[in-house]
Amino acid sequence: MPVIWIIVAVLAIAGAGYILGRQRALARAGGDRRELHSLPSYYGSNVALKVAVPSFLLLIAWMIVQPFVVENAVSGMIPQSEIDEGSSLGLVMAEVRRAATGLENAVAQGVITEDFARNARADITDITQRLKDAGQIVTSDITQTILHAAQRYRLLSATGDMMMAIAVLLVALAGALWGLRESVPLFRARNAVERVMRAILVAAASVAILTTLGIVLSLIFNTIEFFRLYPAWDFFTGTNWAPSFSGRGGSSELGVLPLLWGTFYISLIALLVAVPIGLFSAIYLSEYASKHVRSIAKPMIEVLAGIPTIVYGLFALLTVGPLLLAVFGKEGLGWMQAGTAVMTAGLVMGVMLIPFVSSLSDDIINSVPQALRDGSFGLGATKSETIRQVVLPAALPGIVGAILLAASRAIGETMIVVLGAGAAARLSLNPFEAMTTVTAKIVSQLTGDADFASPEALVAFALGMTLFVITLGLNVLALYIVRKYREQYE
Amino acid sequence: MDQKDIKFRCHGVQVYYGDTHAIKDVDVDIEDKTVTAFIGPSGCGKSTFLRCLNRMNDTIASCRVEGDIRLDDEDIYHRDVDPVQLRAKVGMVFQKPNPFPKSIYDNVAYGPKIHGLAKNKAGLDEIVEKSLRRAALWDEVKDRLDTPGTGLSGGQQQRLCIARAVATEPEVLLMDEPCSALDPIATAQVEELIDELKQRFSVVIVTHSMQQAARVSQKTAFFHLGNLVEYDDTNSIFTNPQDPRTESYITGRIG
Ligand SMILES: Nc1ncnc2c1ncn2[C@@H]1O[C@H](COP(=O)(O)OP(=O)(O)OP(=O)(O)O)[C@@H](O)[C@H]1O
Ligand SMILES: [Mg+2]
């Protein structure tokens with residue numbers, strides 16, 4: 001029975017449970033809903049939830065666990081001798097799974113019969129040929145062992161699926177009975193439903209948290225793995241970034257400092273562009289602009305935030321780079337060698353960050369109470385005096401928070417750097433030279449064909465971890481400042 | 001009573017908030033060196049009218065003021081008049097205390113600094129101390145002038161706002177229910193201050209307390225639903241009201 005049918009069946013039982021639970025509660029109360037502790041629909045919902053929640057949980061758990069169990073049972077059938085030189089049990093098992101799926105599909109298409117698929121003494125070449133005819137992918141020729149394993153795999157999976165269907169439906173029915181028995185007037189169905197709802201919400205929140213935890217843990221483990229292969233001291237203090245391309249050379253120099261410097265330098269230029277422009281436009285929009293101008297200008301600035309960063313990257317590569325080159329390049333001042341440079345990426349990234357700074361600052365400036373402005377105007381202060389001496393100081397912590405958030409965006413940005421800043425890791429003060437950042441190098445280390453267990457690839461995790469710690473720190477700081485600021489007016 | 005100079009001459013003042021007609025055709029002359037009280041039920045337009053006198057209504061986009069308001073015979077709504085200059089002359093204490101999120105000292109020094117009233121730090125210190133003393137706050141805060149003004153109690157904050165307004169040496173002081181958050185002792189101190197202020201400039205005070213109006217003011221204006229119902233010497237208003245609405249209000253029957 002396919003999973004979709006199991007789901008439909010459980011839902012049907014839940015639906016029936018809802019109706020029956022409702023009816024039973026009402027009937028027990030003699031048709032008078034005032035005799036019931038809760039509204040009749042709560043009794044119905046109670047039954048439906050008791051059907052659906054445990055059976056779906058079981059279904060999910062079963063589907064996760066079953067492949068491991070089957071795999072374990074089958075892999076025992078493969079003798080060490082079957083595993084070729086340079087291959088591994090994992091690869092052979094992949095072959096087994098492929099063969100099993102092939103058989104399954106071929107049977108479904110009617111190319112071979114069920115009996116033929118189960119025939120342990122079937123001719124191997126024949127079966128391979130038939131599978132190929134049926135359009136199933138079979139990479140190498142199937143050996144006797146693999147065929148047996150595949151047949152066993154199919155059998156176990158089928159039994160498992162059957163057992164799963166039965167178990168899930170039994171649980172669903174048991175839930176229905178349990179819920180129905182509870183459907184008596186004195187039962188506090190409303191509270192029971194409330195508890196289940198809370199559990200569901202908690203579960204949803206846990207998924208988000210656990211995922212974050214999972215990501216962090218995978219970063220940490222791979223980072224530790226990297227530091228086993230490459231000394232941490234050299235990583236954090238190395239001033240040279242020169243991974244060897246063979247991926248097995250062991251002669252790579254993987255110093256993070258040039259990358260951090262590139263990240264820092266580009267972010268700095270971006271913030272130097274974004275903070276004044278964003279802040280001033282926020283002040284204009286919230287303090288000076290008429291309602292009409294504001295209603296047009298604010299969405300237009302926010303459109304900037306919706307542009308995919310790859311488009312900014314193209315803009316950097318095709319427009320800003322050549323433009324800068326014309327002024328600072330060989331024809332002009334002669335400071336710039338090529339269009340890709342820290343300046344190019346920094347300027348474009350700055351444009352990208354303007355809406356972040358401006359729309360957050362705008363909100364913060366707007367949340368400064370009008371009474372403060374009135375107080376200042378009432379003392380005969382001008383608009384700009386009021387803004388400089390009352391509004392901005394009051395909004396300052398929030399604005400700092402906004403800038404820190406923008407900074408963590410800048411640090412994490414990749415596409416603009418890849419296209420605008422070049423790929424050379426370099427420690428230099430000249431903003432017209434090509435440099436690169438941590439994020440861009442993570443991409444290039446993982447997209448090469450280096451072995452995943454080599455330090456050249458694993459370094460990506462250490463880089464990611466470094467970046468994560470930095471942006472986490474910035475975010476925590478920003479949140480702390482923003483929160484502190486909120487308390488002032490409450 | 002001897003005839004005093006007229007500070008504010010208001011004629012045919014209308015105020016609209018969008019379509020709401022909040023002040024309807026009000027004529028009133030506010031005398032110099034006098035305390036004038038505005039009384040009337042909540043929502044009748046006392047604050048609105050008060051805010052016309054220093055053009056604070058300019059900051060509300062939907063608000064429109066019509067009619068003629070003259071300060072020392074100069075039309076304050078004339079296009080040549082700088083509202084900023086006007087507000088330096090006509091100070092205001094708001095209904096709700098609104099200290100700046102700055103230190104107590106900087107709150108009081110704000111106006112004097114903007115208008116350059118002090119020659120040096122010592123002069124500024126002196127203004128701050130004098131203003132805080134007049135607002136009856138000095139003894140409570142003299143040891144913590146550099147702590148934030150927002151950290152004071154509600155009543156202290158209101159007195160800080162009064163000190164802040166007094167520090168700029170305005171010619172007219174508009175006070176919108178300055179004592180609504182104050183205890184009787186602080187109220188008495190503020191009333192004393194008002195009495196002292198009237199030696200030098202005119203004070204307009206909005207109040208919900210009949211006793212306070214009777215105690216501190218020489219002139220009283222009674223507003224009702226946007227109309228100025230009656231405006232006369234405080235004595236006459238409280239002893240011999242001409243309009244039945246005034247009588248009902250001061251005896252507590254409407255409001
Ligand atoms: N910003 C505004 N926008 C629109 N209408 C307003 C605004 N401020 C006041 N009003 C309206 O104008 C009228 C007068 O309000 P105002 O604040 O002057 O009353 P008030 O006499 O000061 O009342 P209270 O004694 O409660 O302070 C009210 O009907 C009020 O709803
Ligand atoms: Mg008011």
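In the text below, chain A, chain B and the rest are named by the order of the sequence lines, each starting its count at 1.
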Problem - Residue pairs fulfilling salt bridge (charged side-chain N to carboxylate O under 4.0 Å, His left out) with at least one residue in residues 76-94 of chain B, sequence neighbours excluded - result: none
Practice task
Counting only heavy atoms closer than 4.5 Å, note whether B:Pro170 contacts chain A via side chain, backbone, both or neither.
Solution key: neither
Problem - Other residues, nucleotides, ligands: >12 heavy atoms within 6.0 Å of A:Tyr288 OH - result: yes
Exercise for the section: Kindly indicate whether the side chain of B:Thr59, heavy atoms from C-beta on, has any atom under 4.5 Å from the side chain of A:Gln370. Expected result: yes
Problem - For the student: nearest non-hydrogen atoms of B:Ile114 and A:Ala381, plus distance - result: CD1-CB, 3.4 Å
Problem - All pairs passing salt bridge (charged side-chain N to carboxylate O under 4.0 Å, His left out) where residues 346-362 of chain A contributes a residue, at least two apart - result: A:Arg294-A:Asp362, A:Lys298-A:Asp362
Practice task
Return the option, out of B:Arg55, B:Met92, B:Lys102, with the maximum number of heavy-atom pairs under 4.5 Å with chain A.
Solution key: B:Lys102
Completion exercise
When the 4.5 angstrom heavy-atom criterion is applied to A:Gln389 and chain B, the contacting part is both
Practice task
Kindly indicate whether the side chain of B:Asn54, heavy atoms from C-beta on, has any atom under 4.5 Å from the side chain of A:Phe377.
Solution key: no
Problem - Check: A:Leu379 main-chain N/O paired with B:His115 side-chain donor or acceptor under 3.5 Å - result: yes
Handout entry: B:Asn98 side chain vs A:Ala371 backbone, donor-acceptor pair below 3.5 Å
Key = yes
Completion exercise
Heavy-atom closest pair (A:Val390 atom, B:Tyr110 atom, distance to 0.1 Å) is CG2-OH, 3.4 Å
Handout entry: chain A neighbours within residues 158-167 of chain B, where any heavy atom lies under 4.5 Å away
Key = B:Arg164, B:Ala165
Problem - Reported CD-to-OG1 distance for the pair B:Gln85 and A:Thr382, which is rounded to 0.5 angstrom - result: 10.5 Å
Problem - Contact origin within A:Ser376 toward chain B - heavy atom pairs under 4.5 Å - result: both
Exercise for the section: For atom CD of A:Glu194, decide whether the heavy atoms of other residues, nucleotides or ligands shown that lie under 6.0 angstrom number more than 12. Expected result: no
Problem - side-chain hydrogen bond (donor to acceptor under 3.5 Å, both in side chains): pairs with one or both residues in residues 405-416 of chain A, sequence neighbours excluded - result: A:Ser408-A:Asn475
Exercise for the section: Under 4.5 Å heavy-atom distance to chain A, tell me which part of B:Phe94 shows up: side chain, backbone, both or neither. Expected result: side chain
Problem - A:Lys383 atom NZ, over 12 foreign heavy atoms within 6.0 Å - result: yes
Fill in the blank from the handout: Okay, B:Val93 and chain A: the region with an atom under 4.5 Å from a heavy atom over there is neither
